[in-house]
Amino acid sequence: MIIIGIETSCDETAVAVLEGTGDLSPSGLNLRSNIIASQVKLHRQFGGVVPEVASRKHVETIIPVIEKALDKAGVTLPDITAVSATYGPGLVGAVLVGLSAAKALAVALNIPFIGVNHIEAHMYANFLEHPHLRPPFVCLVVSGGHSDLIYLRDYGDYEVLGRTRDDAAGEAFDKVARALGLDYPGGPAIDEVSKGGNPSAVRFPRAFLEAGSYDFSFSGLKTSVVNYLAKAQSGGEEISVPDIAASFQEAVVDVLVDKTLKAASKKHTPIVALAGGVAANSRLRQELYLRAQERGVDVKYPSPILCTDNAAMVTCVGYFQLLLKGSSPLDLPASPSLSLE
Ligand code: KG4
Ligand code: ZN
């Protein structure tokens with residue numbers, strides 16, 4: 001089976017080609033190409049993603065990126081068995097570009113179309129690089145739009161244990177980075193600058209919420225950093241960007257790791273996985289690994305390039321979904337607030 005996948009839910013125009021044996025097992029998967037045309041430079045001047053600008057750029061880029069992905073995979077259109085695309089959640093105008101391209105390919109080639117949930121796709125990036133990984137496990141999906149703790153009981157069978165009550169983790173990284181005068185996107189900038197900072201310099205608040213809750217809240221932490229900066233500025237105090245960045249990052253990581261490991265213990269699973277753009281964070285990866293090891297829990301995460309938005313993850317869900325549930329209807333609408341349950 002050769003699946004082509006398309007991802008345009010935010011600011012990356014991405015197309016990938018995946019080859020599979022037709023078995024319900026990640027071990028037979030072979031990612032043949034994974035092309036990502038990033039719009040980061042375009043949106044940097046605005047300090048964040050501008051939806052209309054993103055959609056227009058997807059329209060310009062989608063066909064060349066499809067051609068490049070086919071070329072790199074060494075296949076042509078008649079070789080394709082099925083086409084998958086993200087249909088939500090995401091920016092509706094952006095999602096529509098990739099979704100329409102995928103439906104057009106399905107009709108023109110007379111092959112199945114599979115609509116993919118972007119959050120599910122982030123989780124499935126783990127199967128591409130850990131061929132022996134099997135459900136059940138707990139997965140922390142942390143991106144620009146989501147912070148969800150999910151129990152992946154089986155392929156296609158999920159229980160959302162917790163989610164953010166306000167800002168997503170990536171959103172908090174981006175907003176704090178902006179307050180610190182760092183470049184967009186803020187996550188990678190904070191990750192980098194924190195390497196030269198002291199994570200214990202400032203004890204920012206950790207929102208653990210009520211006992212037993214797996215929900216997250218990052219807006220109080222973000223406000224606390226902003227207030228700290230304003231106070232230092234008005235007092236003429238010199239601030240250390242690396243120290244503040246590292247202290248903020250530590251507060252986020254502390255809560256994420258704590259709740260992920262508690263969820264693993266509640267579900268009696270010895271495996272936890274990370275997914276989404278924030279899963280590329282070096283401190284989160286390191287801290288989760290260390291604290292999980294103390295409890296005998298195994299940690300999986302994808303390479304950074306498969307944590308941030310990509311289409312490889314969309315081909316992976318497309319593959320499993322086609323085998324398990326069959327194709328999606330061609331009138332499947334874009335669903336900007338699609339959830340997992
Ligand atoms: O998954 P993603 O590419 O797009 C969404 O689905 O939202 O995630 C993007 C988010 C941004 O907020 C970005 O700042 C954050 O992931 N991010 C990071 C890192 N790399 C990307 N956050 C922390 N550390 C990183 N290294
Ligand atoms: Zn994403």
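Order of listing sets the numbers, starting from 1, for every ligand and every atom in it. Predicted, not measured: the structure shown is a model, and the values here were computed from it.
- Note: F320 and F127 have tilted aromatic rings, judged against thresholds of 30 and 60 degrees for the angle between ring planes.
- Taking backbone and side-chain atoms together, H122 has an N/O/S atom less than 2.8 Å away from the Zn ion (ligand 2).
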After noting the C-alpha distance and the side-chain angles of L91 and S55, does the key distance pass the side-chain contact (heavy atoms from CB on, under 4.5 Å) rule? CA-CA 9 Å; L91 304 168; S55 315; over 6 Å; no

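- Of the N or O atoms in P185, none lie within a sub-3.5 Å distance of an N or O in ligand 1.
- Listed by number with element, the atoms of ligand 1 under 4.0 Å from a non-hydrogen atom of A280 are 26 (N).
- For the Zn ion (ligand 2), the nearest N, O or S atom contributed by H118 is named NE2.
- The shell of residues lying under 4.0 angstrom from ligand 1, judged by heavy atoms, includes H122.
- Residue G144 approaches ligand 1 through these ligand atoms, each under 4.0 Å from one of its heavy atoms: 5 (C), 7 (O), 8 (O), 9 (C), 10 (C), 12 (O).
- Counting only heavy atoms of the protein, atom 18 (C) of ligand 1 lies nearest to G187 CA, 3.4 Å.
- Geometrically, ligand 1 and N281 share a nitrogen or oxygen pair separated by less than 3.5 Å.
- Under the 30°/60° scheme for interplanar angles, the aromatic rings of F218 and F216 are found to lie parallel.
- Ligand 1 has no N or O atom lying under 3.5 Å from any N or O atom of G276, backbone or side chain.
- Annotation: R291, atom CZ; neighbour count of heavy atoms from other residues, nucleotides and ligands within 6.0 Å is above 12.
- Looking at atom 2 (P) of ligand 1, its nearest protein heavy atom turns out to be D309 OD1, 3.4 Å.
- The atoms of ligand 1 that sit less than 4.0 Å from any heavy atom of S143 are 1 (O), 5 (C), 6 (O), 7 (O), 8 (O).
- For K222, the NZ atom sits in a packed shell: over 12 heavy atoms of surrounding residues, nucleotides or ligands are nearer than 6.0 Å.
- For atom 26 (N) of ligand 1, the closest heavy atom belonging to the protein is D191 OD2, 2.9 Å.
- Protein heavy atom closest to atom 12 (O) of ligand 1, with residue, atom name and distance, is D174 OD2, 2.8 Å.
- Summarising the local packing, CZ of F208 is surrounded by more than 12 heavy atoms from other residues, nucleotides or ligands at distances under 6.0 Å.
- At a heavy-atom distance under 4.0 Å, atoms from both the backbone and the side chain of V278 approach ligand 1.
- Aromatic rings from Y228 and F204 are positioned such that their centres are separated by under 6.0 Å.
- Atom 21 (C) of ligand 1 has its closest protein heavy atom at G277 O, 3.4 Å.
- Nearest protein neighbour of atom 6 (O) of ligand 1, counting heavy atoms only, is H118 NE2, 3.1 Å.
- Look at E210 and R165 and you find a salt bridge, because one of the NZ, NE, NH1 or NH2 atoms lies within 4.0 Å of a carboxylate O, short of that distance.
- Between R178 and D174 no salt bridge is recorded (no basic side-chain N to carboxylate O distance below 4.0 Å).
- At a 3.5 angstrom cut-off on N or O pairs, F173 does not count as close to ligand 1.
- For ligand 1, the atoms lying closer than 4.0 Å to a non-hydrogen atom of G170 are 12 (O).
- For the pair K267 and Y151, the cation-pi criterion (under 6.0 Å, within 45° of the ring axis) is fulfilled.
- When heavy-atom distances to ligand 1 are checked against a 4.0 Å cut-off, T308 comes that close through both its backbone and its side chain.
- Between D167 and K175 there is a salt bridge, with a side-chain nitrogen of the basic residue lying less than 4.0 Å from a carboxylate oxygen of the acidic one.
- No heavy atom of C10 sits closer than 4.0 Å to any atom of ligand 1.
- For the residue pair E238 and S240, no side-chain donor N or O sits within less than 3.5 Å of a side-chain acceptor on the partner.
- The Zn ion (ligand 2) lies closest to atom OD1 when only the N/O/S atoms of D309 are considered.
- With respect to the salt-bridge test (charged N to carboxylate O, under 4.0 angstrom), the residues E60 and R56 do not qualify.
- Inclusion of H146 in the first shell of the Zn ion (ligand 2) is not supported: no N, O or S atom falls under 2.8 Å.
- Each of T315, N310, T86 was scored for a side-chain hydrogen bond (donor to acceptor under 3.5 Å, both in side chains) with E7, with one residue passing: T86.
- The G145 neighbourhood of ligand 1 comprises atoms 7 (O), with distances under 4.0 Å to a heavy atom of that residue.
- Under 4.0 angstrom from ligand 1, there are no non-hydrogen atoms of H146.
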